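The block underneath contains the structure these notes are about, expressed in structure tokens.
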Amino acid sequence: MLVTSKELLLKAQAGGYAVGAFNVENMEMIQAVLEAAEELQSPVIMQTTPSTVKYAGLDYYLAIAKAAAERVSVPVVMHLDHGNSFDLAMQALRTGYTSIMIDGSHETFEDNIALSKAVTDACHPSNVPVEAELGKVGGKEDDLDGGDDNPYTNPLEAKEFVERTGIDSLAVGIGTAHGVYKGEPKLQFDILSQIKNIVDIPLVLHGTSGVPDESVKECIKRGICKVNYATDLRIAFTKGVNEVFAENVNTIDPKKYSAVGRKEVKKYVMDKMKVCGSVGKA
Ligand code: 13P
């Protein structure tokens, strides 16, 4: 069944674990994520970015997610990841997405507050929770470039941001980046703890592909309740597809190679659900 992320994340916060949020881009990735969730009896969040939405449409992804969610017993969330405008957030709300992120982290502090509050005010009457971001996740997510300026979330600003916007969860900048890391990321665990001490809503970790599992677990201990994985799912899917073509370059049936991509994504997602500690929490 499709549910909102509100209760899921509050439960994770109370239980000291996190819910994995996996970026999906086609039917097979959606199937893979939900098969993994069902097998491990884990709650799960699936999410699509603006460029994925542009590829097929919010309604397409939501319809596939709904069909897949009906086949499982675990709670499933369909979330807009890095919503880049008020309009897109409203489209996702109207389409039936059950959780929405508005990313105003590239705006000034005041503009980020105004945008995040406007989206929150519009979503809450329908009981749809909102995630916003303060600080920056490095690297390139979708068409947005994190840039090289100070990426870290200021804890005092985070407190004010949460109070003035009314958001339900907060994505923080503590040194992670989207995409493939060149070296090992250096995470600022202290900043995360400082934020957690004065902000009481669930915190979100972005840019988790390539972050060592032990670091992710440390982040969860320090207040992260939602962990986003995207790049590694792409890598897993493509690895599976490539294996089929390496064996027979003349393969023409998309079901043949997509099924192997799906299997690789499922393996990866099961592994990360264990890291998040969400197994058996459905
Ligand atoms: P990665 O691509 O680094 O896993 O980041 C995922 C993410 O944060 C999506 O919002």
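These numbers were taken from a predicted model, which means no experiment stands behind them. Ligands are counted one by one from 1 in listed order, and the atoms in each one are counted from 1 as well.
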Specify the closest pair of heavy atoms between G83 and L88, including all atoms of both residues, with the distance to one decimal.
CA-CD2, 4.4 Å
Please, which pairs that meet salt bridge (charged side-chain N to carboxylate O under 4.0 Å, His left out) have at least one residue in residues 176-196, sequence neighbours excluded?
D190-R222
Looking only at distances, please establish whether an N/O atom of ligand 1 is found under 3.5 Å from an N/O atom of H206.
yes
Pairs meeting criterion salt bridge (charged side-chain N to carboxylate O under 4.0 Å, His left out) with involvement of residues 208-217, two or more places apart
D213-K272, E214-K217
Near H82 (heavy-atom distance under 4.0 Å), the atoms of ligand 1 are 10 (O)
Is there a donor-acceptor contact under 3.5 Å linking the side chains of S99 and S5?
yes
Hey, is ligand 1 close enough to D81 that some N/O pair sits below 3.5 Å?
yes
Atoms in ligand 1 with a heavy atom of Y229 nearer than 4.0 Å
4 (O)
For T231, the atoms of ligand 1 under 4.0 Å from one of its heavy atoms are 1 (P), 2 (O), 3 (O), 4 (O)
Applying a 4.0 Å heavy-atom criterion (strictly less than), which segment of V137 is in contact with ligand 1: side chain, backbone, both, or neither?
neither
Ligand 1 atoms in contact with G207 (distance to a heavy atom under 4.0 Å)
1 (P), 3 (O), 5 (O), 6 (C), 7 (C), 8 (O)
H178 versus ligand 1: do any nitrogen or oxygen atoms come within less than 3.5 Å of each other?
yes
Side chain, backbone, both or neither: which applies to A177 and ligand 1 if a contact is any heavy-atom pair less than 4.0 Å apart?
backbone
Please determine whether a side-chain nitrogen of the Lys or Arg among E110 and R164 lies less than 4.0 Å from a carboxylate oxygen of the Asp or Glu.
yes
Does E7, at its CD atom, have more than 12 non-hydrogen atoms belonging to other residues, nucleotides or ligands within less than 6.0 Å?
no
Between T208 and ligand 1, find which residue part has any heavy-atom pair under 4.0 Å and reply side chain, backbone, both or neither.
backbone
Under 4.0 Å from any heavy atom of G179, which atoms of ligand 1 are there?
2 (O), 3 (O)
Pick out which of N23, T49, T48 makes a side chain to side chain donor-acceptor pair (under 3.5 Å) with D81.
N23
Assess, by modelled atom type and distance only, whether the side chains of D168 and H124 contain a donor and an acceptor separated by less than 3.5 Å.
yes
I'd like to check which ligand 1 atoms, numbered from 1 as shown, lie under 4.0 Å from a non-hydrogen atom of N23.
9 (C)
